[in-house]
Number of protein chains: 2
Amino acid sequence: MKLYELVGRDKTKGFSPFVWRIKMALAHKGLDYELVPLHFTEIKDALSFADSKTVPVLVDGDHAVSDSWDIACYLEDRYPGKPSLFNDRPAAKLFHYQLAQTLLMPLFRTIVADIFKVIDDQDKEYFRATREPRIKCTIEQAGEDLEESLMIFKGNLWPYSQFFKSDDYIGGDNPVYQDYALYGMFLWARATSSKKIVDDEDPIANWIMRMDQCFGGIGGQVQKIK
Amino acid sequence: MKLYELVGRDKTKGFSPFVWRIKMALAHKGLDYELVPLHFTEIKDALSFADSKTVPVLVDGDHAVSDSWDIACYLEDRYPGKPSLFNDRPAAKLFHYQLAQTLLMPLFRTIVADIFKVIDDQDKEYFRATREPRIKCTIEQAGEDLEESLMIFKGNLWPYSQFFKSDDYIGGDNPVYQDYALYGMFLWARATSSKKIVDDEDPIANWIMRMDQCFGGIGGQVQKIK
């Protein structure tokens, strides 16, 4: 299998939250794969074969699958004998929309100026042109207003803080796809930003430490891109 | 079994979103029960036996259980031979926190002035004293600012609109506890307010129609309290 991912200036360092979900999902399934690193400006040409404009794209033999949710479902259906990614697939699907709205968007505003610093020079013009309309301000303005977006993000962590007071993983005793989707978001921030986005005493911090140890620590090894 | 519920001026009409979850859950399990109606100001004395200050409280033989989540878990564990309320209990637990933050609070601000009109006269002073600190304004001010809170509420429906484009229930082919928790919120609004809180073309509207038909239409029969 080949997994196409987005990288920063350092071509060995992927940071997309959507790719991280799939890296964790592939590890959960115990499947080997080769990573294909792409800069933002390389994606369009490189992934036209899969009719996709975004990472991740997974190629498995003759199959090319795009969109992280579709890839997760593909892996589950194609490899049913491997550990299941889902306790409950519909609940996981709803979760991925909830995550996108309540956490990914506010976090993007919080770290967009940091992401801008770690992407390759050839990507900067493209990134600005495509991302500034999404945040409805310049990258520099978002960097200055980050206290507000960080406050919104932290506020929206409340359901997870409550949940992790009593439960180890969203999957219960073991992580499932929802854990990987949420964790991928924290790896995105860790790879691009040095901002403290979770308080030490928050139960989420303990869950992150547990996730950091999964699968030989593939997430735990992530450091900020230099 | 006895289920203690909150009622409006009309003692036969319950409206608590948390009680509705349990009414639906009891119907899902096929369990019979007797309703005990309470006004806000009767709750403290009536439920002191269960060490609870809120509805619902369920009494099943020698057991008194309070808190809607704990009651759902009690029913699931006590009646394992009946249809299961959960596809995945941890995901349902996380869901109930997500629902509280993103939808119940904004909807409460939207309909609080309407709720105030349908509760019993003896409850009005108590309701104002306890609820105004929660919304950080007077009930009348919330009634005037409802466009903003309604906009927030409708915006936060986005994950559900997306989900119900392709899926019939959060439980997949059949409703589960998350469906009842979400539906209970819509019944709360329907029983207390005439505001249109879901657009006709929103896929959520179709899901509500499906829920309205569950268990002989116990939710579908709910009308605004006069």
Side-chain angles (χ1 to χ4, degrees), chain A residues 67-70 72-73 76-77 84-106 136 151-183 202-204 207 210, chain B residues 67-70 72-73 76 84-106 136 151-183 185 202-204 207 210:
Chain A
D67 181 90
S68 61
W69 174 254
D70 289 342
C73 291
E76 185 74 359
D77 295 335
S84 178
L85 285 168
F86 304 118
N87 286 341
D88 178 4
R89 197 185 298 204
K93 186 176 184 181
L94 175 57
F95 180 87
H96 106 269
Y97 293 121
Q98 293 171 313
L99 183 63
Q101 183 177 54
T102 63
L103 294 178
L104 283 169
M105 267 312 296
K136 296 184 179 65
M151 199 187 67
I152 293 169
F153 173 79
K154 283 188 170 185
N156 288 356
L157 287 176
W158 176 84
Y160 304 89
S161 304
Q162 292 300 113
F163 177 79
F164 288 124
K165 275 185 191 171
S166 57
D167 288 65
D168 283 349
Y169 301 101
I170 303 175
D173 293 334
N174 295 291
V176 289
Y177 187 72
Q178 290 101 305
D179 291 279
Y180 304 140
L182 184 63
Y183 182 58
D202 191 315
I204 296 171
W207 167 81
R210 287 190 290 277
Chain B
D67 181 273
S68 61
W69 174 253
D70 290 342
C73 292
E76 184 73 1
S84 178
L85 284 168
F86 304 117
N87 286 341
D88 179 4
R89 195 184 300 204
K93 187 175 183 180
L94 175 57
F95 180 87
H96 106 269
Y97 292 122
Q98 293 171 312
L99 183 64
Q101 183 177 53
T102 63
L103 294 178
L104 283 169
M105 266 312 295
K136 296 184 178 68
M151 198 186 68
I152 293 170
F153 173 78
K154 283 189 168 183
N156 289 356
L157 286 176
W158 176 84
Y160 304 89
S161 304
Q162 292 300 113
F163 177 80
F164 288 124
K165 275 185 191 171
S166 57
D167 289 65
D168 283 348
Y169 300 100
I170 304 177
D173 293 334
N174 295 291
V176 290
Y177 187 72
Q178 290 102 305
D179 291 280
Y180 304 139
L182 184 63
Y183 181 59
M185 180 190 75
D202 191 316
I204 297 170
W207 168 81
R210 287 191 288 278

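Every chain is numbered from 1 and lettered A, B, ... according to where its sequence line falls, protein lines coming before strand lines.
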Let's test your reading of the structure: which of A:F164, A:F86, A:W158 forms the most heavy-atom pairs below 4.5 Å with chain B?
A:W158
If you tally heavy-atom pairs under 4.5 Å between each of A:N87, A:T102, A:L94 and chain B, the highest tally belongs to A:L94
Please classify the contact between A:D167 and chain B as side chain, backbone, both or neither, with a heavy-atom cut-off of under 4.5 Å.
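Contact with chain B is through the side chain of A:D167 alone.
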Given a strict heavy-atom distance threshold of 4.5 Å, which part of A:Y160 is in contact with chain B: side chain, backbone, both, or neither?
both
What part of B:Q178 lies closer than 4.5 angstrom to a heavy atom of chain A: side chain, backbone, both or neither?
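The side chain, not the backbone.
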Hey, are the side chains of [X] and [Y] touching, using non-hydrogen atoms and a 4.5 Å cut-off?
{"X": "A:V176", "Y": "A:D88", "answer": "no"}
{"X": "B:M185", "Y": "B:L182", "answer": "yes"}
{"X": "A:Q98", "Y": "B:F163", "answer": "no"}

Mind listing the side-chain donor-acceptor pairs of residues 168-175 of chain B below 3.5 Å, one per line with the distance, residues two or more places apart or on another chain?
none

Who passes side-chain hydrogen bond (donor to acceptor under 3.5 Å, both in side chains) against B:Y180, sequence neighbours left out?
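Checked B:Y180 against side-chain hydrogen bond (donor to acceptor under 3.5 Å, both in side chains); matches are B:H28.
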